[in-house]
There are 2 protein chains.
Amino acid sequence: MNRFSFTEYLTSNAGLDASLVSSLVSSCQTKQYKSGDYLLREGERSLHSFFIEKGLAKMYGIDSRGKEHILQFAPEGWFVADRESAYFQKPATCFIQAIEDTSVLLIDEAHILEMARANPGFLEFNNKLLHNHIRHLNNRIYQLLSATAEERYLSFIKTYPDILLRVPQIMVASYLGITPESLSRVRKDLAGKHAAR
Amino acid sequence: MNRFSFTEYLTSNAGLDASLVSSLVSSCQTKQYKSGDYLLREGERSLHSFFIEKGLAKMYGIDSRGKEHILQFAPEGWFVADRESAYFQKPATCFIQAIEDTSVLLIDEAHILEMARANPGFLEFNNKLLHNHIRHLNNRIYQLLSATAEERYLSFIKTYPDILLRVPQIMVASYLGITPESLSRVRKDLAGKHAAR
DNA sequence: TTTTTTAGTTGACATATACCACTGTTTTAG
DNA sequence: CTAAAACAGTGGTATATGTCAACTAAAAAA
């Protein structure tokens with residue numbers, strides 16, 4: 001499995017100079033999680049978000065009927081955060097859990113702002129990340145509003161072919177907002193259509 | 001109908017000093033739209049987002065079956081933007097349309113970044129806005145994944161009681177991801193439950 | 001390895017919500 | 001003010017997806 005060094009990530013994507021980056025990175029704590037470990041639990045208060053250097057995590061909530069709904073998968077090179085706790089100092093509304101052995105960097109919003117003040121390039125980079133994230137979320141909302149289970153699954157395959165191979169179907173179903181049984185049937189139908197040609 | 005001056009908004013919420021704010025605001029263009037006018041159409045290229053000072057707009061997409069899906073309502077005091085065009089210089093993927101007579105401020109990302117460089121307080125404010133927006137979107141996704149039509153409607157009433165009164169039911173239905181007929185029945189059921197007590 | 005748990009498939013059936021058609025009613029435009 | 005359009009309610013019916021249960025296969029734990 002490949003690993004994303006946060007240092008490399010920043011130097012190559014944010015256009016920052018090496019010394020600045022290393023000062024930021026060295027001020028961040030690294031942490032290891034085994035598959036199944038929680039990075040964050042609902043109700044906890046925590047002021048940092050996570051940058052995944054290696055492995056895979058999921059952010060999810062549990063509804064009143066006890067069902068799990070996955071809000072985000074976070075593979076290496078991605079950020080994941082419960083905004084409620086990390087940016088608004090409230091108890092977390094989600095769980096974040098490793099689904100592979102995972103190593104992360106803990107990042108405080110304070111660090112981000114500090115960096116941004118010191119370096120305008122970083123500010124632009126950070127903004128772009130946030131806008132990009134918003135774009136993704138809008139996209140997902142649009143799909144949930146407009147597309148059938150099959151269409152959403154096809155779109156998932158196309159957008160996250162890598163993740164598809166790394167997580168059980170039951171989690172894909174949860175992400176898509178359907179039951180595992182339904183996903184199984186969607187896949188069967190698609191296989192049939194494909195074979196028919 | 002009340003009006004939100006962007007100047008007042010910034011001075012009271014972002015903690016900026018008056019001269020800075022007025023220099024920002026004066027560099028932004030104001031524009032008026034009649035109900036039904038488009039602020040932005042799918043496919044257009046445009047580099048600004050909108051701050052609604054008065055009135056109400058909706059951002060929506062049209063799917064392959066010709067159906068409209070509302071991504072966001074934007075009443076006075078809110079921002080609305082197609083990120084694809086405003087921040088990534090691509091053709092817009094959405095329509096933004098006034099549903100009341102509306103007056104807006106056109107804001108360029110360039111302005112935002114400029115302001116942020118000049119004033120750290122503004123940077124924090126802008127970040128908070130973005131994180132808050134992300135929080136809202138996550139919330140909506142969670143609802144679409146986990147809640148029934150009735151639950152989503154109740155949540156809408158609670159979260160946006162003001163908007164409920166200003167838009168036709170058909171738009172609420174579109175926002176919730178259900179048909180107008182279904183919403184009509186949900187309302188009927190709720191009225192029944194309420195009367196039963 | 002053996003046992004236990006979790007995941008995936010499939011059938012039968014239930015249900016929420018969509019679709020279509022029709023009817024008033026309200027709003028908008030001429 | 002009148003005509004046309006958009007909106008809202010309701011019945012009948014269709015359909016996608018959920019629920020429950022049983023069985024097999026695969027993965028994790030002992």
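Keep in mind that the numbers below use all heavy atoms, side chains included, and drop hydrogens, waters and symmetry copies. Chain letters run A, B, ... following the sequence lines, proteins first and then strands; every chain starts at 1.
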Peer 1: How many whole angstroms separate atom CD1 of B:Ile170 from atom P of C:dT27?
Peer 2: 15 Å

Peer 1: Looking only at non-hydrogen atoms, find the nearest pair between B:Arg140 and B:Gln72 and report the distance.
Peer 2: NH1-N, 4.5 Å

Peer 1: Classify the nucleic acid contact of A:Pro180 as base, sugar-phosphate or nothing, counting any heavy atom under 4.0 Å across all strands shown.
Peer 2: nothing

Peer 1: Which nucleotide, D:dG9, C:dT17, C:dT10, lies nearest any side-chain atom of A:Ser184?
Peer 2: C:dT10

Peer 1: Report the nucleotide, chosen from C:dA7, C:dG11, C:dT9, that has the shortest atom-to-atom distance to any side-chain atom of A:Arg187.
Peer 2: C:dT9

Peer 1: Which is true for A:Gly36 with a 4.0 Å heavy-atom rule: it touches a base, it touches only sugar-phosphate, or it touches nothing?
Peer 2: nothing

Peer 1: In whole Å, what is the span from the CD atom of A:Glu181 to the P atom of C:dC13?
Peer 2: 17 Å

Peer 1: Between C:dA18 atom C1' and B:Leu176 atom CG, what is the distance in whole Å?
Peer 2: 15 Å

Peer 1: Take A:Arg135 and B:Glu84 through the test side chain to side chain contact (heavy atoms under 4.5 Å, CB included) and record every step on the way to the result.
Peer 2: CA-CA 7 Å; A:Arg135 194 167 57 148; B:Glu84 217 71 47; 2.5 Å; yes

Peer 1: Go through B:Leu130 and A:His131 one step at a time and tell me if the side chain to side chain contact (heavy atoms under 4.5 Å, CB included) criterion holds.
Peer 2: CA-CA 8 Å; B:Leu130 290 175; A:His131 285 297; 3.6 Å; yes

Peer 1: Going by the angle between their ring planes, with limits at 30° and 60°, are A:Phe95 and A:Tyr38 parallel, tilted or perpendicular?
Peer 2: tilted

Peer 1: Whole-Å distance between C:dA18 C1' and B:Ile178 CD1?
Peer 2: 11 Å

Peer 1: When you measure from the side-chain N and O atoms of A:Lys67 to the phosphate of D:dT19, is any distance below 4.0 Å, counting only OP1 and OP2?
Peer 2: yes

Peer 1: In whole angstroms, how far is the P atom of C:dA16 from the CG atom of B:Leu144?
Peer 2: 18 Å

Peer 1: Measure the distance from NZ on A:Lys188 to C1' on D:dA16 and round it to the nearest whole Å.
Peer 2: 16 Å

Peer 1: Counting only side-chain N and O atoms of A:Thr179, is one of them less than 4.0 Å from OP1 or OP2 of D:dT17?
Peer 2: no

Peer 1: Taking donor-acceptor contacts at under 3.5 Å, does the side chain of A:Arg185 reach the base of C:dG8?
Peer 2: no

Peer 1: Roughly how many Å is it from CG in B:Leu183 to C1' in C:dC19, rounded to a whole number?
Peer 2: 16 Å

Peer 1: For D:dG18 and A:Ser182 - does any side-chain N or O of the residue sit under 4.0 Å from the phosphate oxygens OP1/OP2?
Peer 2: yes

Peer 1: Between atom CD in B:Gln169 and atom P in C:dT25, what is the gap in whole Å?
Peer 2: 16 Å

Peer 1: Does the plane of the ring in B:Phe51 sit parallel, tilted or perpendicular to the ring in B:Phe6? Use 30° and 60° as the thresholds.
Peer 2: tilted

